[in-house]
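Structure first, then comments.
In what follows, chains carry the letters A, B, and so on, assigned in the order in which the sequence lines appear, proteins first and then strands, with residues in each chain numbered from 1.
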Amino acid sequence: MSSDDDMPLSTVAAATKVVGNGANSTVKVKREYDSDSSDDMPLSRTKGAAKSMKSSSSSDSDSDTPLAQTTARANGGLKTSPPSSPDIPLAKIKDEPATPSRNGNTTRTKVKAEKGTRKRVKVENEKKKADKKPRITRTTSTASSKVSDKGKSEADNDDEEEDEEHKWWLAQDLDNSVKWTTLEHSGVLFPPSYQPHGIPLIYDGKRIKLEPDAEEVATFFAAMVDTDHAKNPIFVKNFFNDFLEVLTKCQPSHPVKEFEKCNFSLITKHLTKEKEIKSAMTSAEKKAIRDEKMKSEEMYMYCTLNGRKEKVGNFRIEPPGLFRGRGSHPKTGKLKKRVMPEQVTINIGEGAKIPDPPPGHSWGKIIHDNRVSWLATWKENVNDNIKYVFLAADSSLKGQSDLKKFEKARTLKGCIDQVRREYTRDLKDKTMIARQRATALYLIDRLALRAGNEKGDDVADTVGCCSLRLEHVTLKPPNIVHFDFLGKDSIRYVNEVPVDAAVFKNLRIFKKEPKTEADLLFDRLTTTSLNKHLDRLMKGLTAKVFRTFNASFTFQKQLENTPKDGTVAEKVLAYNRANRDVAILCNHQRSVSKAHETQMEKMQDKILEVKYKRMLLKEQLKEVDPEYVKKHPRACKKEDGVTKKWIKSYLISQAKKDKEKAEKKWEKDNEKLKEAGEPQIEKSQLKDTLKAIDERMAKIRSGEYEPGHPLKSATTERLLDAIKKQSQRLNSIETQAVDKEENKTTALGTSKQNYIDPRISAAWCKKHDVPIEKIFPKTLINKFKWALEVDKDWVF
DNA sequence: ATACTAACTTAGGAAGCTATGA
DNA sequence: TCATAGCTTCCTAAGTTAGTAT
């Protein structure tokens with residue numbers, strides 16, 4: 001760790017989630033920005049603005065300080081250290097001797113040259129493609145060509161074990177622009193055809209038997225009647241339109257006119273029954289079905305890539321259904337049609353056997369393109385999106401691009417100081433375009449915002465950095481910026497951060513009239529131009545790299561809080577906290593589980609229970625050793641939250657539980673005695689016990705009850721010891737509660753899977769002697785095999 | 001430039017599975 | 001011994017980015 005200390009830790013967004021069914025979310029505002037303001041703002045105007053701003057402490061020095069604190073926490077927040085790191089010149093990062101030039105001249109030439117080359121190659125490829133001749137490179141590593149030369153008959157037999165041992169990451173060739181030399185696979189699996197059930201729809205009180213095609217669509221909806229989707233008017237409208245269309249096509253004389261008169265309940269009931277039947281099956285039956293399914297799917301699960309067996313990811317063609325667009329997606333609820341083999345393109349090695357299409361059908365197209373990684377593709381009808389079948393996350397191809405991604409982020413780490421200096425300088429550039437770019441970059445870097453492409457109005461209205469509109473940003477002088485917008489997946493981002501004076505000033509300029517709330521904040525900026533600029537700063541640098549970099553870097557930094565000689569559980573807790581900091585940074589949210597509130601209450605009760613027990617111990621201590629208490633008044637501090645009222649209800653519930661327990665014990669004891677052939681315990685005995693408890697309960701109710709001292713033969717020492725034990729318990733439960741509350745809306749998985757360099761985790765495990773299984777589930781261990789061999793001192 | 005397209009990564013919800021504890 | 005909390009896994013939607021066409 002050389003330049004770490006001055007690395008700013010980005011802000012943590014305190015965001016709230018707006019859950020989907022967008023019915024009430026932001027009204028979509030048309031963006032019609034009139035481009036009458038000049039492209040490049042003249043210096044004079046900027047200067048004028050700058051003067052009028054009169055910012056009190058516009059020191060540039062704070063460019064390396066965090067914008068805001070993370071969620072306050074006991075183990076110490078994020079620290080800021082003075083900036084000091086030595087500059088790492090661009091030249092070094094790029095592994096080329098060029099002069100690190102501010103305007104990037106040298107670099108630009110180089111990049112251009114490279115791009116040119118790449119393009120030419122591609123053109124050649126295109127030609128070959130046109131001839132249906134795939135580009136099978138002969139220049140790839142000898143290992144792989146050997147394998148491919150071997151021929152598959154042999155490969156099938158003895159490669160099994162070798163597969164698992166293939167450590168592609170030791171080859172150290174990160175260029176994967178040619179994805180494979182040989183590729184064999186079995187194509188895709190289509191969903192089963194629709195099996196009509198014959199249950200009618202009720203329309204306006206009358207039963208209507210539906211033709212299979214219409215019945216299928218009705219059944220899609222029937223399965224969703226009590227989800228949020230069915231309450232979303234857009235979803236309903238879209239569904240109903242498409243349903244009517246299908247219905248009219250297959251039974252033109254149907255009477256269905258209004259959605260409100262449709263009643264799907266018979267179908268819904270039928271579906272529920274089917275589910276019940278399924279879950280009522282014995283586990284043996286279930287297993288038989290599962291095994292059967294596995295067997296029929298096995299051929300699709302794996303492919304052979306460069307002679308090695310690799311797992312395929314989503315080999316199933318997406319089944320028909322109702323499109324579940326998120327947020328207020330204008331097309332949500334529309335019918336997603338069944339995909340036919342004729343629509344599917346298969347990509348496969350040239351010599352490989354072409355998989356059989358389903359009987360009576362043929363494939364749309366067969367291609368042999370080894371510069372892409374997909375095995376099959378088709379177009380979906382709702383949004384015209386292209387769908388692909390890719391390899392699984394633990395495949396070599398995915399692993400390679402993952403490794404590449406993190407290496408790029410590490411490269412950024414090496415030149416982040418320079419990049420930051422560059423945009424900090426540009427914050428005060430004389431041109432509008434440079435200022436907007438610099439300001440956007442500042443936000444992307446410090447807040448981990450996404451790039452924010454422009455979107456059409458046939459999708460949900462969500463934004464990222466470049467597509468922010470005035471309405472999403474509120475300025476609170478002198479330097480606080482308030483963000484509130486819907487990001488990817490319509491997840492709400494709410495954050496309030498102090499920013500650099502220059503940034504604040506710029507944002508104020510960008511918000512000036514005649515712009516209106518619905519106009520773009522960065523009207524001179526596009527993601528393309530931004531990324532082009534970034535590429536000049538560091539080859540391959542794009543907006544998203546900042547997210548990866550900041551996430552991994554923050555994580556590594558936060559892991560420093562791991563207790564050196566704590567238990568494994570404590571270390572894992574520290575790990576999860578670091579993970580959570582990253583998740584909060586990236587605004588990875590999840591919806592609150594229905595049970596959350598009750599669960600929290602339960603924990604709160606447990607906390608009070610422990611406090612109560614500790615209170616009793618303290619009272620006993622007061623009696624046993626009043627001298628000690630006098631000397632240490634803090635030792636007997638009052639327990640807050642443990643009110644008389646709470647104690648009463650607690651004691652009553654305890655008494656009730658005791659009664660139940662006594663009954664159960666009596667029954668159980670008798671059962672045992674019966675088995676042993678011994679005489680039963682009299683019921684009167686149980687009644688006596690219950691009576692005693694009832695009396696206790698009465699006393700509790702009247703307030704006469706006096707709890708006895710919890711400790712027999714108590715000494716000061718033993719009491720203090722017991723108090724300490726309870727305190728520890730309390731501490732642990734309280735941490736758990738805080739943890740749970742903080743995790744309520746935070747999803748840790750996304751950052752763990754996509755943003756945090758797994759080598760950080762692997763090294764941490766080794767350093768702290770924590771088994772990797774404690775932090776990675778099976779699938780992640782597989783996905784990150786390539787990362788697990790690092791040594792304990794590896795740093796991001 | 002700008003629009004469109006292709007290929008890939010990132011994302012949350014739902015389904016499914018499992019440990020756990022009343 | 002079942003319910004169910006708390007995961008993981010599956011699914012597919014929704015982003016980003018590079019490249020191509022206009």
* Looking across every strand, which nucleic acid part, if any, lies under 4.0 Å from A:S401 by heavy atom: base, sugar-phosphate, or nothing? -> sugar-phosphate

Side chains of residues 770-779 of chain A: which donor-acceptor pairs under 3.5 Å do they make with residues two or more places apart or in other chains?
none

* To do: Sequence neighbours left out, what passes salt bridge (Lys or Arg N to Asp or Glu O under 4.0 Å) with A:R324? Give chain and number order.
  => none

* Residues in salt bridge (Lys or Arg N to Asp or Glu O under 4.0 Å) with A:E318, at least two apart? -> A:K336, A:K387

* Asked: So, A:D394 and A:K785, do they make that salt bridge, N to O below 4.0 Å?
  -> no

Within the sub-3.5 Å range, which N or O atoms of nucleotides 1-3 of chain C have a protein N or O partner, and how far apart are they?
none

* To do: Would you classify A:G325 as touching base, sugar-phosphate or nothing, given that sugar-phosphate means primed atoms plus P, OP1 and OP2, and contacts are heavy atoms under 4.0 Å?
  => sugar-phosphate

* In whole angstroms, how far is the P atom of C:dA18 from the CG atom of A:L541? -> 10 Å

* Structure fact -> Closest to the 5' end of DNA chain B, once A:T377 and A:R547 are matched to their nearest nucleotides, is A:T377

* Asked: A:N385 has an atom CG; how far is it from atom C1' of C:dA13, in whole Å?
  -> 8 Å

* Can you list the residues that meet the side-chain contact (heavy atoms from CB on, under 4.5 Å) rule with A:T527, with sequence neighbours excluded? -> A:A451, A:N453, A:C466

* Looking at A:K405 and A:D402, does any basic side-chain N land under 4.0 Å from a carboxylate oxygen? -> yes

* Hey, what do you get for NE2 (A:H368) to CD1 (A:I346), rounding to the nearest 0.5 Å? -> 11.0 Å

* For A:K544, answer base if it contacts any base atom (sugar-phosphate contacts may also be present), sugar-phosphate if it contacts only those atoms, and nothing otherwise; contact means non-hydrogen atoms under 4.0 Å. => sugar-phosphate

* Between atom CD in A:Q589 and atom P in B:dT10, what is the gap in whole Å? -> 19 Å

* Structure fact -> Sequence neighbours excluded, the answer for salt bridge (Lys or Arg N to Asp or Glu O under 4.0 Å) partners of A:E297 is A:R316

* Partners passing side-chain contact (heavy atoms from CB on, under 4.5 Å) against A:N238 (at least two apart in sequence or in another chain) -> A:I234, A:K334

* Residues forming a salt bridge (Lys or Arg N to Asp or Glu O under 4.0 Å) with A:K331, sequence neighbours excluded -> none

* To do: Check whether the side chain of A:K488 and the base of B:dT10 form a donor-acceptor pair under 3.5 Å.
  => yes

For nucleotides 15-22 of chain B, list the nitrogen or oxygen atoms of the protein found under 3.5 Å from its nitrogen or oxygen atoms, one pair per line.
none

* Length of the CG-P vector between A:L530 and C:dT16, whole Å -> 11 Å

Using a cut-off of under 3.5 Å, enumerate the N/O to N/O pairs linking the protein to nucleotides 4-12 of chain C.
residue: C:dG6; atom: OP1; partner: A:K740; partner atom: NZ; Å: 3.2
residue: C:dG6; atom: OP2; partner: A:Q599; partner atom: NE2; Å: 2.2
residue: C:dG6; atom: OP2; partner: A:K740; partner atom: NZ; Å: 2.8
residue: C:dT9; atom: OP2; partner: A:T779; partner atom: OG1; Å: 2.1
residue: C:dC11; atom: OP1; partner: A:R316; partner atom: NE; Å: 3.4

* To do: Please determine if a side-chain N or O atom of A:T527 lies less than 4.0 Å away from the OP1 or OP2 oxygen of C:dT17.
  => no

* Asked: Can you find a side chain N or O atom of A:N531 that sits less than 4.0 Å from OP1 or OP2 on C:dT17?
  -> yes

* To do: Return the value, rounded to whole Å, for the distance between atom CG of A:N453 and atom C1' of C:dT17.
  => 8 Å

* Return the 5'-most residue of the pair A:E380, A:C465 with respect to DNA chain C, ranking by each residue's nearest nucleotide. => A:E380

* Are OP1 or OP2 of B:dC8 and a side-chain N or O of A:S373 less than 4.0 angstrom apart? -> yes

* Does any N or O in the side chain of A:N754 come within less than 3.5 Å of the main-chain N or O of A:T750, such that one atom is a donor and the other an acceptor? -> yes

* A:H588 side-chain N/O to B:dA11 phosphate OP1/OP2 under 4.0 Å -> yes

* Asked: Counting any heavy atom closer than 4.0 Å, what does A:K179 reach on the DNA or RNA strands: base, sugar-phosphate only, or nothing?
  -> sugar-phosphate

* is_close_aromatic(A:H185, A:F315), centroid dist under 6.0 Å -> no

* To do: Check the pair A:F555 / A:Y575 against ring-ring contact (aromatic ring centres under 6.0 Å, His included), numbers first and verdict last.
  => CA-CA 9 Å; A:F555 184 69; A:Y575 181 95; 5.1 Å; yes

* Could you state the atom-to-atom distance from CG of A:L397 to P of B:dA7 in whole Å? => 14 Å

* So, are A:E407 and A:R759 salt-bridged, with charged N and O less than 4.0 Å apart? -> yes

* **Length of the NZ-P vector between A:K405 and C:dG15, whole Å** => 18 Å

* What's the CG-P distance between A:L534 and C:dT17, to the nearest Å? -> 9 Å

What protein N or O atoms touch nucleotides 1-6 of chain B N or O atoms at under 3.5 angstrom, if any, and at what distances?
none

* Within the structure shown, what part of the strands sits under 4.0 Å from A:Y755 by heavy-atom distance: base, sugar-phosphate, or nothing? -> sugar-phosphate

* To do: Name the nucleic acid region contacted by A:G464, choosing base, sugar-phosphate or nothing; use a 4.0 angstrom heavy-atom cut-off, strictly under.
  => nothing

* **Pairs involving residues 582-603 of chain A, ordered by first then second residue, that meet ring pair (Phe, Tyr, Trp, His ring centres under 6.0 Å) (sequence neighbours left out)** => A:H588-A:Y755

